[in-house]
Amino acid sequence: QKEVEQNSGPLSVPEGAIASLNCTYSDRGSQSFFWYRQYSGKSPELIMSIYSNGDKEDGRFTAQLNKASQYVSLLIRDSQPSDSATYLCAVGNSGNTPLVFGKGTRLSVIA
Amino acid sequence: SAVISQKPSRDICQRGTSLTIQCQVDSQVTMMFWYRQQPGQSLTLIATANQGSEATYESGFVIDKFPISRPNLTFSTLTVSNMSPEDSSIYLCSVEEGNEQYFGPGTRLTVT
């Protein structure tokens, strides 16, 4: 059974701080890793994808992948109240295969 | 990214009835995925739909309960049959484009 584990939170950070979200996965053969943001009542929105070890930066977001430790993280710099949402970690294999999702971490950015 | 629409966006249905959810994509895609998100929970894969073949169901989901059609490369339907209150969920279709998966807006189903 492939599993993706996340701390459910809530994670509360002050506005302007760095929010750090973590995820571990069980399938060592996983090849693709994603972070989705889900606002209450909305569908998940893809914000980051990462496929190789190291860091990937996109604006205020940085995804980090360590395949040896089976660990993925998402850093959000200069957190804004609009970043308050549930963040879902998802893991997949090769193309056109379904993703396995974690339960999500609820982030609250306090103004 | 692909533009995905779903109909209906929400519905309230009575126990024992069936509801068919439609998913339309603005480009041709090989695979479409159907997920369920129960209240306060994460996403659970129901089945994978490939055009021209029968859908592949995950453990705990069966074709009699969740029949799926995939008549062409831009459209799929999921039917929730003989509904019970436990079927109250958000149902999401998803497609892959460029190795990334995108979701439709979802169908919020309440069964009374």
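Numbered from 1 within each chain, the chains take letters A, B, ... in sequence-line order.
A:Glu15 CD: more than 12 foreign heavy atoms inside a 6.0 Å radius.
Atom CD1 of B:Ile90 is separated from atom CZ of B:Phe103 by 12.0 Å, given to the nearest 0.5 angstrom. Between B:Arg36 atom CZ and B:Thr44 atom OG1 the span is 6.5 Å, to the nearest 0.5 Å. Here A:Tyr87 contributes atom OH and A:Tyr36 contributes atom OH; the two are 15.0 Å apart, rounded to the nearest 0.5 Å. In this structure, CD1 in B:Ile4 is found 5.5 Å from SG in B:Cys93, a value given to the nearest 0.5 Å.
B:Leu92 touches chain A through its side chain: at least one heavy atom from C-beta onward sits under 4.5 Å away, while N, CA, C and O do not.
Residues of residues 20-30 of chain A never come within less than 4.5 angstrom of chain B, heavy atom to heavy atom. The interface of residues 98-111 of chain A with chain B, defined by heavy-atom distances below 4.5 Å, comprises A:Pro98, A:Leu99, A:Phe101, A:Gly102, A:Lys103. Contacts from residues 45-75 of chain A to chain B, taken as heavy-atom pairs separated by less than 4.5 Å, involve A:Leu46, A:Ser49, A:Tyr51 in sequence order.
Across B:Gln24, B:Gln28, B:Gln51, a single residue satisfies side-chain hydrogen bond (donor to acceptor under 3.5 Å, both in side chains) together with B:Thr74, and that is B:Gln24.
Ranked by heavy-atom pairs under 4.5 Å with chain A, the first of B:Pro105, B:Ser42, B:Gly98 is B:Ser42.
Put simply, the side chain of B:Met83 reaches to within 4.5 Å of the side chain of B:Leu109, judged on heavy atoms.
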message = Before you tell me yes or no, could you show the steps for B:Trp34 and B:Thr48 under side-chain hydrogen bond (donor to acceptor under 3.5 Å, both in side chains), namely the whole-Å CA-CA distance, both residues' side-chain angles and the distance that decides it to 0.1 Å?
response = CA-CA 6 Å; B:Trp34 286 98; B:Thr48 301; over 6 Å; no
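Proximity of a side-chain donor or acceptor of A:Tyr39 to a complementary backbone N or O of A:Ser82 within less than 3.5 Å is detected. In this structure, the side chain of B:Glu96 does not engage the main chain of B:Phe33 through any donor-acceptor pair within 3.5 Å. A donor-acceptor pair is defined here as one N or O able to donate and one able to accept, closer than 3.5 Å; no such pair exists between the side chain of B:Glu97 and the backbone of B:Gln101.
Both A:Phe33 and A:Ile76 are members of a single hydrophobic cluster when ILVMFWY side chains are connected at heavy-atom separations under 4.5 Å. Hydrophobic clustering, with ILVMFWY side chains joined whenever heavy atoms are under 4.5 angstrom apart, groups B:Tyr102 together with B:Tyr35.
Residue pairs meeting the salt bridge (charged side-chain N to carboxylate O under 4.0 Å, His left out) criterion with at least one member in residues 2-28 of chain B: none, sequence neighbours excluded.
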